[in-house]
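Reading through the structure tokens given below for one structure.
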Amino acid sequence: MTRQVLIAGGGIGGVAAALALGRAGCGVRLFERAGEFSEVGAGIQMGPNVVRVLQAWGLADGLVDVAAFPARLQVRSATSGLELGALRLGDTARQRYGAPYATAHRADLLGLLLGAARQTPGVALNLQHEVTGFMQTADQVTVQCSQGSGQQVLNGQGDALIGADGLWSPTRHGLLNDGPPRVTGHLAYRALLPQAALPQPLRSQHITVWLGPRLHLVQYPVRAGDWLNVVGIVHGAAPSSADPQSWDQGATAADFRNAMAGTCTPLQDLINAMTDWRRWVLCDRQPMRGAHEHARGRVALMGDAAHPMRPYLAQGAGMAIEDAAELAWVLSQPELDVPTALGRFADARWQRNARVQARAIRNGQIFHASGLVRWARDRAMGALGERVLDLPWLYAGSQAL
């Protein structure tokens, strides 16, 4: 019999899971609380480990249409402007890992996944349905949804429930009841602008990471290279009016300029050229401590619902896409009952996700270092170059994928 899988959440992770599971022959019903599928935020980086999965799903041509494929990642000092180190991407990444490094607008990636999911037999995508609770027995799982009117309705049963409902996941609360995410003490600011609207010296088709004490900024092309995405992260308390659950809060350009005061002229020129800044409060959780945080019985968590992470390794959405591929693999094995299959998924994924979470935290400490740690970081990048910046353990992918 075809397995029926319910998915809570219609962001990149949830839609990726719907596509992967549908391609694997499962029946899929996805429930998204919003009235349309959309992604807040702007850019997303995808290492070769992620691009390979998208290519395996038949999305290679579509990705070429919407993404950029930078040939180089450079790290520069935010105070002096000097280059500290560089990593070759482009053809070098293809040769090393079988796929390129890509950058894209989050909405473009979601649109690519949505288009493929909608064409996949057995996949039903339901808007204005928020999964607020679930019940599971030995034989099935039932979700409870709140529709757009707020009326509580039961939306049927399935063989498995996948919680892809993000950082503040109701599914996680029902499964683990382990409290809210933690506020990190870091604030992120983002801006997006057509490259044609920028002075020529500020246009770029590379990834550039600027490192400074208690701050960093990253810029890279999106939308086939036609737009430039800029994200800056600084230490600081959230304003009292800030909602930690919102990823899209208004911020004045002066707010961010003040936070980046003291940085070098080229970086100041870039910041001043970007006119519309948005802000969000960074939250995360401790790295995963065991497979039990990924799945119990017929319910599994994926993406930010399972392992929210700081953006200092650019792998949050990437790990969700890897999760989706692993879920499709285990649930396509007819000899495994659903709890066993989800247990296999949890065993296969939790240590890799925990490692990425921990490395992201460590990267943030290194990126924002001062004093002797900063000096040692800069010397290491200069002396070791690509051996510091390349990440074979990450970009080669997990064994199962």
Side-chain angles (χ1 to χ4, degrees), residues 11-17 19-20 39-73 87-117 164 190 192 204-209 218-231 302-304 307-326 349 352-353 356-357 359-360 363 389-398 401:
I12 287 173
V15 175
L19 172 60
E39 268 289 336
V40 296
I44 183 172
Q45 299 183 59
M46 294 174 284
N49 55 307
V50 183
V51 175
R52 275 198 315 276
V53 176
L54 298 176
Q55 291 173 338
W57 291 343
L59 301 179
D61 291 343
L63 191 62
V64 168
D65 291 338
V66 300
F69 300 90
R72 189 171 188 266
L73 180 152
L87 174 66
R88 291 170 295 165
L89 301 174
D91 290 340
T92 300
R94 289 184 180 91
Q95 293 166 5
R96 288 178 180 171
Y97 303 115
Y101 197 107
T103 55
H105 193 290
R106 296 182 70 92
D108 293 341
L109 176 60
L110 179 61
L112 184 64
L113 293 166
L114 268 172
R190 58 177 170 80
L192 186 71
S204 175
Q205 294 298 320
H206 302 306
I207 301 170
T208 303
V209 183
V218 59
Q219 62 180 84
Y220 52 84
V222 297
R223 296 198 153 158
D226 292 338
W227 290 63
L228 189 69
N229 180 67
V230 179
V231 178
M302 64 171 293
D304 283 351
H307 43 76
M309 55 189 67
R310 302 181 190 187
Y312 303 127
L313 200 56
Q315 283 285 327
M319 289 301 101
I321 289 171
E322 283 193 8
D323 285 349
E326 185 67 37
R349 292 298 301 161
R352 179 168 170 84
N353 286 322
V356 175
Q357 285 178 292
R359 183 62 178 264
N363 271 13
L389 296 172
D390 199 12
L391 300 170
W393 67 269
L394 178 61
Y395 299 148
S398 65
L401 302 176

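Start at 1 with the first residue, then count along the sequence.
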**Q.** F69: partners by ring-ring contact (aromatic ring centres under 6.0 Å, His included), with sequence neighbours left out
**A.** none
Restricting to non-hydrogen atoms, name the atom on [X] and the atom on [Y] that form the minimum distance, rounded to 0.1 Å.
X    : Y    : result
A396 : R52  : O-NH2, 2.8 Å
G13  : A320 : CA-CB, 4.0 Å
A102 : V51  : CB-CG2, 3.9 Å
L113 : A16  : CD1-CB, 4.2 Å
L228 : S204 : CD1-O, 4.1 Å
A164 : M302 : CB-CG, 3.8 Å

Side-chain ([X]) to main-chain ([Y]) donor-acceptor, under 3.5 angstrom:
X    : Y    : result
H105 : A107 : yes
Y220 : P70  : no
T103 : P221 : yes
R106 : A317 : no
Q219 : V231 : no
N363 : Y312 : yes
D323 : G303 : yes

Q | Heavy atoms from other residues, nucleotides or ligands near CG of D65 exceed 12 (cutoff 6.0 Å) | A | yes
For the residue pair [X] and [Y], establish whether any side-chain heavy-atom pair is separated by less than 4.5 Å.
X    : Y    : result
I12  : I321 : yes
P392 : Y97  : yes
V230 : V218 : no
V222 : L192 : yes
P100 : Q55  : yes
L63  : M46  : yes
L313 : L394 : yes
M319 : N49  : yes

Once rounded to the nearest 0.5 Å, what's the spacing between atom [atom1] of [X] and atom [atom2] of [Y]?
X    : Y    : atom1 : atom2 : value
R72  : H206 : CZ    : NE2   : 6.5 Å
L54  : L112 : CG    : CG    : 7.0 Å
I207 : L73  : CD1   : CG    : 5.0 Å
W393 : R359 : CH2   : CZ    : 6.0 Å
Y101 : L89  : OH    : CG    : 7.0 Å

Q. How far apart are the C-alpha atoms of R352 and E322, what are their side-chain angles, what is the distance that settles it, and do they pass the side-chain contact (heavy atoms from CB on, under 4.5 Å) test?
A. CA-CA 10 Å; R352 179 168 170 84; E322 283 193 8; 2.8 Å; yes
**Q.** Full working for salt bridge (charged side-chain N to carboxylate O under 4.0 Å, His left out) between D390 and R88
**A.** CA-CA 9 Å; D390 199 12; R88 291 170 295 165; over 6 Å; no
Q. So N229 and I44, side-chain contact (heavy atoms from CB on, under 4.5 Å) or not? Walk me through it.
A. CA-CA 9 Å; N229 180 67; I44 183 172; over 6 Å; no
Q: Could you list all the salt bridge (Lys or Arg N to Asp or Glu O under 4.0 Å) pairs where at least one residue sits in residues 222-231, not counting sequence neighbours?
A: D108-R223
